[in-house]
Every structure is written in C-alpha cells, then in structure tokens.
Asks: 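Can you keep this structure in mind? I'll have questions shortly.
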Amino acid sequence: MARIRIAETLLTSVLASALLLAPPALPARADAVTDWNAIAINATAVPPNSILQSRVLAIVHGAIYDAVQAVGQKSAAYAIDLKAPPATSDAAAIATAAHGVLLRLAPAQRPMLDDALNTALAKLADGQSKTDGIRVGEQIAEKLVALRGKDHSDAKITFTPKAGPALYQLTPPGLLPAILPQWGGVTPFVLRSKVGLEFKGPPAITSAEFARGFDEVKSLGARNSTTRTADQTAAAIFWVVQTGVPWFAAARAQSAVKGLSIAENARLFALLSMATADSQIVGFEEKYRRPHWRPITAIRAAAGLNIPALKGDPNWEPLLVTPPHPEYPSAHATFSGAAEAVLRTYFGSDDVNVSVAFPAPFGVTRTYRKFSEITEEVDNARVWGGIHFRSADQDGSVVGRKIGDMVMRDFGKPPGK
C-alpha cells in the first residue's frame, strides 16, 4: 500500500503542476529552429490537451520552414513562397516568423514571447540583413496564420453521447462534455488522402480480444492496483504530459548529436510537427465516427451486460483521470507512431539518447535509447493509467506510423505528384 500512496501523491503533484511546466531544456548545440521549438512548446503547454498544441506547432514550424526557404531559396516553400533579399538573416527571419505565429495563436503568452524575440534579435548585428529578416518573418507569419484560419479547427459541432453497450459516455469525476468533436474535419497539413489510414475498429465486446483487454486494464490500470509495478505507475503518470514534449525533446537531442544545420532542422521539425498534427486529425475523425466507451464506463457497466467473460466492478476507478473524449483510437499512441516513423526515417536509425522530466524539473524522469521505446511505453502507459484498452493504443500507433511515412513521402511535393 505504501507504493500506491506514493503514486497517488505523485499523481496529485503532477496534475497540480501541469500549468507550471518549465521550458524544455535546450540541447548543448542549439540553433534558431530548436530554440523556437522549445519556446513554442512552453508557450502552448497549457492544458487541456495535446491536440491544440499539435496544430500550433505545425503552423510555427511551417512558418519557420518557409522563412528558411525564403532566405536560402534551395527548396520549394511549404505554403508561403517569398524571396528574401540577398544576405537576409535567417536567424531573424526564423525568430520573427515563429514569434508572429505564436503571438496570434497564444496571445496570453505575449510577455514571454516578446522577451524571447528581443533576446534572439539582440544577438544579431543591426543592419539591413537583420531588418530584411524581420520583415520576411513577419510577412510569412501573417500569411500562414491567415491561411490556416480557414482550416475548420474552430467549426461548431455538437456531440451528444448515445446510451448503449460499447458507446462512449461522459466519464467521472467531472462528467465533462466531450471535447473537439470537430477535429476530424480539420484540413490536414500534408496528407492528401486518408486512403490506407483506416482503423480496424475496437473489438466486439463479446470477443475474446475485448475480454483480454478488459481484464488487463481492470487489473493494471486500477487506482488501487496490486499488479501494477512502481515503474509502470511512474510511466503512466509521466504520460499525462502533452505528447509533443518528449517527442520534440528527442528530436532536439538527436539533432544536436548529428550536428544538423539550420536548413536541416527546419525540414526535420516541419516534418515532425505536421505528421503529428495530421495524426490527431485522423485519430479524432475515427474517435467520433464510432465513439467507443472508456474503461471506466465498460468496467462499471459490465455486470449488467450478461457477458460471462466480463467481470465488472461498479466501484472501479482508474489511476488517471479519464480524458473527455471517446476511447478509440488513443491520440497519444497515434501521435507517437507518427513521430517515431518520421524520426526513424529522417535519421536512418532507431537510436536516440534522451531523458525527459515531467513536470520539469522535479517530476517523473524517463530515459529512452530508441524512438520505438517511446512509442512502446506510450502504448503501455495508457493501459497502466486505466484510460485505454490496449487495442486503441496498438491500432493507434500502427496508423500513426503510416501517417508518418506518408508525410515523409509527400511533404514538399506539388499537388498531383
């Protein structure tokens, strides 16, 4: 019981501290791209979820990518095609592009963002190069935010849960309305089609597969579990973090190891942010297409289903508070599969060496040696936290990897190619 009390105390600390997430640590070798990635993550660290953050990060890195292309003019722009004057400062263009996007999409963070911009620009010599970079960055930010303002992310859609076995119901303790039912209709950043990204769907509740998943989460994911280890508890608690925090930390760490240039980082972080943002769009379309119940609903209701394989518990509680949206697929797992695919392909290896603390700097610390280890832990952690059946995690990461592969293939190609 001592382990459980410690876990509950730590969980309370994590959730209470979520709004106080410190800026992610910069790698020893940082540049304007990785600097502004860390700044953007910090500026968008306010809950409720990773989904809103994923869109902002994709727009930020789209703007950074286009700023770098405007200055270097070596590749086609992502969306905003400008030609900067010769000798334009790429660092000034990157800083003002990222700042301009964030100021529009996270206006409450203006003091921090203004300080970050002033610090970045103060490092650059005054002159025409800096002035031109500022002008280019400002123009790209304004144009890209305006373009994405038409992406349907603010569409008004009402979701009303329906009663019945396997159907999503509002979950305790808050019984909050289901969030972001419109997200499946958001315009993707790179994906041109969702063909090939179909989900298997959750197993039938009368199936042996569902019974195995039911028993697993009932045992390992219970608040007072006697089968979950201390490390599993720590992992479950850690992954209340917004999904991008560990993944972008891993990207920054590997970028530093490989000594990537500004142009290489601009492409890497555009690929990673857009693949993960698109994963959330695809995942949420599936969530609301056939809204599946959460473990807390299924386990409490099982006694009345007359399915012998399912042994319910009307008082069962998960370790973590259940997120207020349908269960299948796992958004964390879909995001992670996409991130893994991008990073493994970009670096040509599964290897990474990164440690991440949440909440920083004194929370749970997890260390990873492989990108695939991160995805595997996410798949497990959402079960250990009591908020997902394993099928939602496994199927989510499978489709996420496909999304990452598609983004790697199609980013930068003109339509029809």
Side-chain angles (χ1 to χ4, degrees), residues 24 37 41 44-45 49-55 57-58 61 183 188-191 197 199-200 232 234-254 268-269 271-287 320 323 325 327-347 349-356 358 364 366-385 387-408:
N37 172 256
I41 287 173
T44 56
N49 49 60
S50 304
I51 299 90
L52 300 177
Q53 185 186 60
S54 72
R55 174 179 178 268
L57 291 175
H61 283 290
W183 212 254
F189 284 85
V190 176
L191 293 179
L197 300 176
F199 289 87
K200 293 192 314 183
Q232 289 170 341
I237 292 170
F238 174 85
W239 280 104
V240 303
V241 67
Q242 288 177 293
T243 328
V245 171
W247 280 108
F248 282 97
R252 293 194 305 270
Q254 197 65 4
L268 168 63
F269 284 86
L271 288 164
L272 179 58
S273 61
M274 293 183 191
T276 51
D278 280 358
S279 79
Q280 303 304 275
I281 295 168
V282 173
F284 265 70
E285 181 179 49
E286 176 69 12
K287 278 180 180 288
L320 304 179
H325 48 79
E327 189 266 344
Y328 183 97
S330 162
H332 267 59
T334 310
F335 186 116
S336 296
E340 178 195 328
V342 167
L343 293 174
R344 289 180 68 175
T345 302
Y346 190 94
F347 289 111
S349 171
D350 194 22
D351 295 335
V352 70
N353 185 356
V354 63
S355 294
V356 184
F358 177 77
V364 175
R366 308 299 290 175
T367 298
Y368 307 101
R369 300 286 187 249
K370 303 283 185 183
F371 295 122
S372 56
E373 283 181 6
I374 306 177
T375 306
E376 181 181 5
E377 183 171 272
V378 170
D379 286 355
N380 287 323
R382 307 309 269 176
V383 174
W384 298 335
I387 59 177
H388 274 296
F389 299 106
R390 184 162 296 279
S391 59
D393 298 319
Q394 292 179 331
D395 293 357
S397 57
V398 166
V399 173
R401 290 187 188 98
K402 293 178 181 179
I403 293 169
D405 290 341
M406 288 183 176
V407 169
M408 291 297 295

Asks: Any donor-acceptor pair under 3.5 Å linking the side chain of Thr276 with the backbone of Ser273?
Replies: yes
Asks: Quick one: sort the Trp247 and Phe371 rings into parallel, tilted or perpendicular, breaks at 30° and 60°.
Replies: parallel
Asks: Can you confirm whether the side chains of Gln280 and Ser54 place a donor and an acceptor under 3.5 Å from each other?
Replies: no
Asks: A quick test of your reading: do over 12 heavy atoms of other residues, nucleotides or ligands sit less than 6.0 Å from CD of Glu373?
Replies: yes
Asks: Atom CE in Met274, atom CZ in Arg55: separation rounded to 0.5 Å?
Replies: 12.5 Å
Asks: Please check: side-chain N/O of Asp350 versus main-chain N/O of Arg344, any donor-acceptor pairing under 3.5 Å?
Replies: no
Asks: Does one side chain, of Tyr346 or Gln254, offer a donor that lies under 3.5 Å from an acceptor on the other?
Replies: no
Asks: Short question: side chain of Ser336, backbone of Ala333 - any donor-acceptor pair under 3.5 Å?
Replies: no
Asks: For a quick test of reading the model, state the closest non-hydrogen atom pair linking Arg401 to Thr375 and the distance between them.
Replies: NH2-CG2, 3.5 Å
Asks: With heavy-atom distances below 4.5 Å as the criterion, would you say the side chains of Arg390 and Asn380 are in contact?
Replies: yes
Asks: Determine, step by step, whether Val383 and Asp379 satisfy the side chain to side chain contact (heavy atoms under 4.5 Å, CB included) criterion, reporting the C-alpha distance in whole Å, the side-chain angles of both residues, the deciding distance to 0.1 Å, and the verdict.
Replies: CA-CA 7 Å; Val383 174; Asp379 286 355; over 6 Å; no
Asks: For the pair His332 (side chain) and Trp239 (backbone), establish whether a donor and an acceptor sit closer than 3.5 Å, ignoring hydrogens and angles.
Replies: yes
Asks: Considering all heavy atoms of both residues, which atom of Arg382 and which atom of Ser330 are nearest to each other, and what is their separation?
Replies: CG-OG, 4.2 Å
Asks: Is it the case that the side chain of His388 and the backbone of Ala381 share a donor-acceptor pair, with hydrogens and angles ignored and the cut-off at 3.5 Å?
Replies: no
Asks: On a heavy-atom basis, which atom in Val356 and which in Ala249 lie closest, and how many Å separate them?
Replies: CG2-CB, 3.9 Å
Asks: Do Asp278 side-chain atoms and Val190 backbone N/O form a donor-acceptor pair below 3.5 Å?
Replies: yes
Asks: Please test Asn353 against Arg369 for side chain to side chain contact (heavy atoms under 4.5 Å, CB included), starting from the C-alpha separation and ending with a verdict.
Replies: CA-CA 5 Å; Asn353 185 356; Arg369 300 286 187 249; 2.5 Å; yes
Asks: Taking NZ, NE, NH1 and NH2 as the nitrogens, is one of them in Asp351 or Lys370 under 4.0 Å from a carboxylate oxygen of the other?
Replies: yes
Asks: How many angstroms lie between CZ in Arg366 and CD1 in Ile237, if you round to the nearest 0.5 Å?
Replies: 10.0 Å
Asks: When you measure from the side chain of Glu327 to the backbone of Phe389, do you find a donor-acceptor pair of N or O atoms at a distance under 3.5 Å?
Replies: yes
Asks: Find out whether Leu271 and Leu343 are in side-chain contact, i.e. whether some heavy atom of one side chain is under 4.5 Å from a heavy atom of the other.
Replies: no
Asks: Looking at CD1 of Ile403 and CZ of Phe335, how far apart are the two atoms once the value is rounded to the nearest 0.5 Å?
Replies: 11.5 Å
Asks: What pair of heavy atoms forms the shortest contact from Trp384 to Ala235, and how long is it?
Replies: CZ3-CB, 3.8 Å
Asks: Between Lys287 and Phe199, is any pair of side-chain heavy atoms under 4.5 Å apart?
Replies: no
Asks: Can you confirm whether Ile41 sits close enough to Val245 that some side-chain heavy atom of one is under 4.5 Å from a side-chain heavy atom of the other?
Replies: yes
Asks: Taking C-beta and beyond as the side chain, do Val407 and Phe189 meet within less than 4.5 Å on heavy atoms?
Replies: no
Asks: A side-chain contact here means heavy atoms from C-beta on lying under 4.5 Å apart; do Phe358 and Val240 qualify?
Replies: yes
Asks: Please report the interatomic distance CG(Asn37) to CZ(Phe269), rounded to the nearest 0.5 Å.
Replies: 5.0 Å
Asks: Could you walk me through whether Leu191 and Val282 pass the side chain to side chain contact (heavy atoms under 4.5 Å, CB included) check?
Replies: CA-CA 10 Å; Leu191 293 179; Val282 173; 3.7 Å; yes
Asks: Evaluate the criterion side chain to side chain contact (heavy atoms under 4.5 Å, CB included) for residue pair Val352 and Phe347; output intermediate values, then yes/no.
Replies: CA-CA 10 Å; Val352 70; Phe347 289 111; over 6 Å; no
Asks: Looking only at atom types and distance, does a side-chain atom of Ser50 sit under 3.5 Å from a main-chain N or O of Thr243, one as donor and one as acceptor?
Replies: yes
Asks: What distance do Thr334 atom OG1 and Ile281 atom CD1 have between them, rounded to the nearest 0.5 Å?
Replies: 12.5 Å
Asks: Testing the basics here: between Ala275 and Ala338, what is the closest heavy-atom pair and its distance to 0.1 Å?
Replies: O-CB, 3.8 Å
Asks: If you compare all heavy atoms of Pro329 against all heavy atoms of Gly283, which two are closest, and at what distance to 0.1 Å?
Replies: CD-O, 3.5 Å
Asks: CD/Glu286 to CG/Leu197 distance, rounded to the nearest 0.5 angstrom?
Replies: 11.0 Å
